[in-house]
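Here the structure comes first, spelled out in structure tokens, and everything after it is commentary.
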Amino acid sequence: MAESILKGTWRVKAGLAQMLKGGVIMDVVTAEQAKIAEEAGAVAVMALERVPADIRAAGGVARMADPAHIEAIMKAVSIPVMAKCRIGHFVEAQILEALGVDYIDESEVLTPADENHHIWKHDFKVPFVCGCRDLGEALRRIAEGAAMIRTKGEAGTGNVVEAVRHMRAVMDACRRIQNMPDDELVTEAKNLGAPLELVMEVKRLGRLPVVNFAAGGIATPADAALMMQLGADGVFVGSGIFKSENPAKRARAIVLAVTYYNDPKILAEISKELGEPMRGIDVRQLAPQELLATRGV
Amino acid sequence: MRIGVLALQGDFAEHIEVLRKLGVEAVEVRKPGDLAGVDGLIIPGGESTTIGRLLSLSGLRPEVTGRALEGMPIWGTCAGMILLSREADRLLEPPLGLIDIKIERNAFGRQVDSFEVDLEVPKLGGRPVRAVFIRAPVIREVGPAVEVLARLPDGTPVAVEQGKFLGTAFHPELTDDTRFHEYFLSLVKN
């Protein structure tokens, strides 16, 4: 009977993302920040050396974090720990899997290692989350083996506008396909650049076949609730917490905002006196080469 | 019959879908008062630290405990079972202490060690249950009043019952097998 135990199946990979639903995943750069995130009620942390706002400011090539740094964060908390690898850098992913991280984010926030191919994620026992701007990108990543999707937004800006654009694009395409006659699905798959089987799955379900979080620019409880009302299953908050004046208080408020996203009275209460949010960037002021969301499509 | 599903965080929507498939009225429980008119409660899978913290912040904790002591059946899956236990490690808030078990969280290892397996559950009869374990807790101690419903091949207990309280370390809501839900509904009916 023991030989019938199966690890790394699709169900346990996609299943962990289902357990994270209705939760907040927070970027952290130290063990102390990881503890603050856990205390505030985060469902997971993303172990980084720099938050996206600092990656943006530092320039240069952004790579996987030092394994010792990730391990220190893994030791500090009991909640799942995620870590980022560069798009297409399957050896960084192998290293993260060997470390025992719970989810790998193949992320546009780091400098891509391959401008044509993403990682073939089916080869791994550890599950992957990938970013998307629209349904075609989401389904291509799922075809490669991503067990969880997040909208890209524009990381490190503290500006929710791109996250909204991407979430609306995904939800709108799902609704459209749900009402599409079967004889239009092949052309739709061609236009999306996505496998027909997954397009048919979207039609059947009326949504993505995996959990879909919002990410990239969420800085306030209202931002988080906005993404939930638009259809997100949960949110990633990157620079928004630890680049603000009172991270612990803001972190807890965002956790509550994701649970009570449909309750404006509670949202009003928890939004009070949180201190200064991160300053933020007008995405329209960024040059095209400064945009992260256009990497790895 | 109306079943509440604690909807603070986690896979509550999956439980609600199974309940509705079984023709049972299912409601989300988020705030004090939401338990009114509810005959049984499911605490879903999710992050036990998060759900435990929100149970206190929401003001629901005393209401859940109060209803439990009045005899309302509760079933916890994975994180939910952790919250029903007498003792569990590294939680932010103490568990509810409704089932006399001691828990070690994530004791099978990290996510790469998550697994699925067929389990014999004599009380459900018939074919084995496909059980999905995700960063699952291990039950280290079982009190005398607790009945073990299922064990792993190595003898580790993974499903327990004490009075009207049910705990599973795995996630029946992630499979198409509805027998555990039906079993819980039978506890609520009696």
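Below, read A as the first sequence line, B as the second, and so on, with proteins coming before strands; counting in each chain starts at 1.
Atom NZ of A:Lys203 has more than 12 heavy atoms from other residues, nucleotides or ligands within 6.0 Å. Applying the 6.0 Å contact sphere to CD of B:Glu17 captures no more than 12 heavy atoms from other residues, nucleotides or ligands. Environment of NZ in B:Lys31: sparse, with no more than 12 heavy atoms of neighbouring residues, nucleotides or ligands closer than 6.0 Å. Around the CZ atom of A:Phe90, the shell of radius 6.0 Å holds no more than 12 heavy atoms that belong to other residues, nucleotides or ligands.
Neither the backbone nor the side chain of B:Ala131 has a heavy atom closer than 4.5 Å to any heavy atom of chain A. Heavy-atom distances place the side chain of A:Asp263, and not its backbone, under 4.5 Å from chain B. Both the backbone and the side chain of B:Leu8 come within contact range of chain A, each with at least one heavy atom under 4.5 Å from a heavy atom of that chain. Neither the backbone nor the side chain of A:Ala44 comes within contact range of chain B; no heavy atom of the residue lies under 4.5 Å from a heavy atom of that chain. Contact annotation for A:Val211: neither backbone nor side-chain heavy atoms come within less than 4.5 Å of a heavy atom of chain B. The part of B:Asn106 that comes within reach of chain A is its side chain, from C-beta onward, which places non-hydrogen atoms under 4.5 angstrom from that chain. When heavy atoms are compared at a cutoff of 4.5 Å, B:Phe12 does not approach chain A at all. With a 4.5 angstrom heavy-atom cutoff, B:Val132 touches chain A only via side-chain atoms.
The minimum heavy-atom distance linking B:Gln111 with A:Asp102 is given by the pair N-OD1, 2.9 Å. Across B:Ile134 and A:Arg11, no two heavy atoms sit closer than the pair CD1-O, 4.4 Å. Heavy-atom minimum distance, A:Ala42 versus B:Thr50: O-OG1, 3.1 Å. In terms of heavy-atom proximity, B:Arg110 sits nearest to A:Ile79 at NH2-O, 4.4 Å.
By number of non-hydrogen pairs under 4.5 angstrom with chain A, the leading residue of B:Thr49, B:Asp154, B:Leu57 is B:Leu57. Per-residue heavy-atom pair counts under 4.5 Å with chain B were compared for A:Lys125, A:Lys7, A:Glu97, and the maximum is reached by A:Lys7. Between chain B and the residues A:Lys13, A:Met74, A:Glu38, the largest count of heavy-atom pairs under 4.5 Å involves A:Met74.
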- [ ] Under the side chain to side chain contact (heavy atoms under 4.5 Å, CB included) rule, what do B:His171 and A:Gln18 come out as? Steps first, then yes or no, please.
- [x] CA-CA 11 Å; B:His171 296 280; A:Gln18 286 171 279; over 6 Å; no

* To do: Go through the steps for A:Met19 and B:Arg135 under the test side chain to side chain contact (heavy atoms under 4.5 Å, CB included), then give the verdict.
  => CA-CA 10 Å; A:Met19 298 312 139; B:Arg135 284 176 46 91; over 6 Å; no

Item to complete: Walk me through it: do A:Leu256 and B:Leu54 pass the test side chain to side chain contact (heavy atoms under 4.5 Å, CB included)?
Response: CA-CA 8 Å; A:Leu256 285 165; B:Leu54 287 168; 3.6 Å; yes

- request: Mind running side chain to side chain contact (heavy atoms under 4.5 Å, CB included) on B:Gln9 and A:Val255 for me, showing each step along the way?
  value: CA-CA 10 Å; B:Gln9 189 273 320; A:Val255 167; over 6 Å; no

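Scored by the side-chain contact (heavy atoms from CB on, under 4.5 Å) test, B:Asp39 finds B:Met1, B:Arg2, B:Val188 as partners (sequence neighbours excluded). With sequence neighbours excluded, the residues forming a side chain to side chain donor-acceptor pair (under 3.5 Å) with B:Tyr183 are B:Lys123, B:Glu161, listed by chain and number.
Distance alone, capped at 3.5 Å, places no donor-acceptor pair between the A:Ser4 side chain and the B:Val117 backbone. Here the side chain of B:Arg30 pairs no donor or acceptor atom with the backbone of A:Tyr260 at under 3.5 angstrom. In this structure a side-chain-to-backbone donor-acceptor pair under 3.5 Å is missing from B:Arg53 to A:Ala40.
Residues of residues 66-99 of chain B lying under 4.5 angstrom from chain A, judged on non-hydrogen atoms, are B:Arg90, B:Leu92 by number. Proximity to chain A at a heavy-atom threshold of 4.5 Å picks out B:Glu173, B:Leu174, B:Thr175 from residues 173-181 of chain B, in numerical order.
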